[in-house]
Amino acid sequence: MSQSILIDGIEVPFKSNQTIMDAALAANIYIPHLCHNPCIKPHGSCKLCTVEVNGHTTSSCTTKAEDGQKVINNSEKLNKARLTITQMLFIEGNHLCPTCEKTGNCTLQAVAYHLGMLDGHFPQFYPKREVDASHPSIMLDRDRCILCELCVRASREFDKKDVFAIAGRGDNAHLIVNSPSGKLRDSDIEQNDLAAHICPVGAILIKERGYEIPIGCRTFDLRSVTEIDLGDVKLSEKSSHHE
Amino acid sequence: MTAEHSPQNTDHLLHVLFREQQRARFISDEAINNISKSLNLPRAQVEGVVEFYTFFHRKPRGRFDILFSNCTSCGDTKLLKSLCEKLNVKPGRIRSDGLVSVDQTSCIGMCDHGASLLLNNCLTITSLTTERIDQIVKLIKSDTVIQAWPRQWFYIGDNIHKKGLLLTEPFKSGSALKAIIKRSSIDVIDEIIASGLKGRGGAGFSTGLKWKLCREAVGDTHYVICNADEGEPGTFKDRVLLNSYADLVFEGMTISAYAIGAKQGFLYLRGEYRYLLDTLNATLQRRRETGLLGNNILGQDFDFDISIVVGAGAYVCGEESALIESLEEKRGIPRIRPPFPVTQGYLGQPTAVNNVETLAATAKIILHGDHWFKSHGTSQSKGSKLLSVSGNCARPGIYEYDFGVSLQEVLNDVGAENVQAVQIGGPAGRLLKPDHFSRSISFEDLSTGGSLMIFAKHRDMLAVIHNFSLFFAHESCGFCTPCRVGTRLLEKNMSKLCSGRSTAYDIDEIRHLSALVSQYSHCGLGTSAANPIMDGLKNFPNAFEKRLLNREMEPEFDLDSELSEARLMTNRDDPGAHL
Ligand SMILES: Cc1cc2nc3c(=O)[nH]c(=O)nc-3n(C[C@H](O)[C@H](O)[C@H](O)COP(=O)(O)O)c2cc1C
Ligand code: SF4
Ligand code: SF4
Ligand code: FES
């Protein structure tokens, strides 16, 4: 028996246990998202993927698809809210895109372009956050962390380690490293771990890879986030490498 | 953590951290490493938990560590300030000699006693006055051990002013259990369903139905949890129930266990109520000794025990799935729901979470029958409700009414005059104006977990709303973007408004933000965080407009307040240090 949902009027089939996000990705429909990645169990924190289902707003990455569901995704109202949420993510951290090695490859930046973001809108929080440059090959710059916990989950679920966690509460929440000193150097992270590559922003970077691809020729310089994220090219390569 | 543990749960992470905080006055890196080793938990989990809860500190606190409530009912910023001045200590900092530290905390549930504080995270002093502050200052300055402080300062009375269905008749421990032990569990559940009892913790879900769903859910074992987190500012009825009706509550938990087939129960007690812990444990012990808990309860094939886990200052842990995370020794982050705790709760097993008052009601229903219960209240709201009344009135305290009572009748009974506003259901509830006072307290009209805060005409409602927005920003767990960032932005906007620097543009901003936070947040904390602001704009528009600048736009940046850090560093606050 084939089941389907309607996303913005388009019939989209799904298999049991799939979420609305899973079904959309499989059908090449883009729902903006930042804390979701197909190889990791969803947890629904960024709220960018919020859609309307039968009149209620819900995170599409954690909501199970159900036969006959009517989903609104690409509406003006939702995209406006997504824009505001993206601005919130920018102003609560310290994002200096022109100086960031991730620029052009950064999903936060790409989503912001996609949603037509022109400024941060809100006053900056200018939080004080620590940089951890202790590891020989991996760099952690918390200024850019958006608390999506992809690295936390990738390390736990995929790498079978437990390198990252979140500490603190509210706007004090911050990424910590699970090692006796709290430094990356003393953790068991390795350069080939998924956790070292999954960060959607420039918070976790591989060292000594500066400007290998010139600005202007990077992932999102060439294609929009709506295309790239669908296939999740880099990641599926990464996962096959691991299996 | 496994289901095997001592009755007192001494090795629960929250309890181990509490002892370490008491011993060393902070949780050091070394302590985190040691605790993670001895409890066999990842270091980052221990660190994450330490930094999540208000009562744990990564930097040393004073030998006398004071947390002053900043609730509109049991707080008083003027007294807090004078305490700090007299002790020569800056709020949030430790005095250089290590003697004392003073900080703020959210409502500590003493709203019927006026301004109150927590001392060393384990004792509560209420009814603070300028004189009492002076006496406290003297004791601290002379480094007098707490054991030598006047005992009566730590006594906390119940202030029950009106008793109804639950409170009138004294309860004989074991009487309700004896009435069910020969009945089938299905029968017990049916009676609770028939009574129409709905949860008293806020959401108002049918208690009998919850038990039925939990009973039917497949699992290796089932759990009962009593939610005694009572963090909603202005609520203190669970405190009174646990102080004077603990047997009734434990009996309700045991009935719930019988109904759903649980062997283990937990009482999750908010850290602010730690002073109740010894008495509660003694009550549990007495129940074990009289065959009402433990193996073969009342000689039947029914085993059940209860242990108490004490929180450490986090309002969000009242949300049932965050509570379960906290019980599992993690940060209190609300889970994705569904699955609900009835199918996947504590350790992934079916779990029935109920409020203190709900469980107390189940024991009474078993004793007197569902007809007795449902003959009180309204069509949608059966039985009675305990109200915690505080704020500007002659007789703050506990009032038990049948559902359907009008707000005005309550206001008359408590001696409230010149009332400008009532906040019902706490900051997460609704802010009402006098036009609403004829409405009735019930699930179908004015729903409340029990908090009823009264504000007389002289109160600055903008300051009240700002206080509530600070509460949410402070208590947001930080998991989802709209609440983590949005509650802080709302708080900043309210602060700007209160200082008279806002324009009509800012009001629009506040409206948009409020709508976003309430629609896009992950859990009930975020979805209700903007309620006081939205209600304020609707019901008290003048309070907002009066404070507006007559300009199109005012920059967010306030040069004088930006200098506050420099003032702090240079220890100056004289006129010359201001613009
Ligand atoms: C932020 C938040 C805080 C809550 N705090 C409490 C609380 O302190 N006590 C409580 O019983 N329920 C609280 N709840 C409601 C619980 O999630 C849950 O619905 C309730 O404990 C179920 O018990 P009941 O059905 O007996 O009401 C809170 C909910 C939220 C969203
Ligand atoms: S470091 Fe990157 S992947 Fe990890 S939580 Fe922060 S933004 Fe997400
Ligand atoms: S709404 Fe607030 S409290 Fe609830 S999950 Fe989101 S950040 Fe945490
Ligand atoms: S992608 Fe769904 S909430 Fe972040």
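The analysis underlying the following values was restricted to heavy atoms, covering all of them including side chains, and did not include hydrogens, waters or symmetry mates. Residue numbering restarts at 1 for every chain, and letters A, B, ... go by the order of the sequence lines.
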To the nearest 0.5 Å, how far apart are CG in B:L516 and CE in A:M88?
5.0 Å
Considering all heavy atoms of both residues, which atom of A:P180 and which atom of B:R43 are nearest to each other, and what is their separation?
O-NE, 3.3 Å
Neighbour count >12 (heavy atoms, 6.0 Å) for atom CG, B:D508
yes
What residue, out of A:S179, A:S59, A:G182, has the most heavy-atom pairs lying under 4.5 Å from chain B?
A:S179
Structural part of B:F472 lying under 4.5 Å from a heavy atom of chain A:
neither
Pairwise side-chain contact, A:L147 with B:R484, heavy-atom cut-off 4.5 Å (strictly under)
yes
Sort A:T58 into side chain, backbone, both or neither according to what part of it lies under 4.5 angstrom from a heavy atom of chain B.
neither
Tell me, for B:D29 versus chain A, whether the close heavy atoms (under 4.5 Å) come from the side chain, the backbone, both or neither.
neither
Contact class of B:T54 relative to chain A, heavy atoms under 4.5 angstrom:
both
For B:L489 and A:P123, work out which heavy atoms get closest and say how close.
CD2-CD, 4.4 Å
Should we count CG of A:N17 as having more than 12 external heavy atoms under 6.0 Å?
no
Could you tell me which portion of A:L34 (side chain, backbone, both or neither) has an atom closer than 4.5 angstrom to a non-hydrogen atom of chain B?
neither
Does anything in residues 161-176 of chain A get under 4.5 Å of chain B by heavy atoms, and if so which residues?
A:D162, A:A165, A:I166, A:A167, A:G168, A:R169, A:G170, A:D171, A:A173, A:H174, A:I176
With only heavy atoms counted, which part of A:L48 is less than 4.5 Å from chain B, the side chain, the backbone, both or neither?
neither
So, for B:I336 and A:P42, which heavy atoms are closest and what is the spacing to 0.1 Å?
CD1-O, 4.0 Å
If you measure from OG1 on A:T62 to NE2 on B:H522, what distance do you get to the nearest 0.5 Å?
7.5 Å
Just wondering, more than 12 heavy atoms not from A:E130 lying within 6.0 Å of its CD?
no
Give, as side chain, backbone, both or neither, the part of B:L513 having an atom under 4.5 angstrom from any heavy atom of chain A.
side chain
Can you confirm whether B:V485 sits close enough to A:F90 that some side-chain heavy atom of one is under 4.5 Å from a side-chain heavy atom of the other?
no
Using a 4.5 angstrom heavy-atom cutoff, name the option from B:R331, B:E47, B:E475, B:R488 with the most pairs to chain A.
B:R331
Residues B:Y505 and A:H121: closest non-hydrogen pair is OH-CE1, 3.7 Å
So, A:T57 side chain and B:Q519 main chain: donor-acceptor pair closer than 3.5 Å or not?
yes
B:A314, part contacting chain A, at a heavy-atom distance under 4.5 Å:
both
Report the distance from atom CZ of A:R82 to atom OG1 of B:T481, rounding to the nearest 0.5 Å.
13.5 Å
From B:I333 atom CD1 to A:E149 atom CD, the distance as rounded to the nearest 0.5 Å:
7.5 Å
Most contacts with chain B, counted as non-hydrogen pairs under 4.5 angstrom, among A:H56, A:K80, A:H43
A:H43
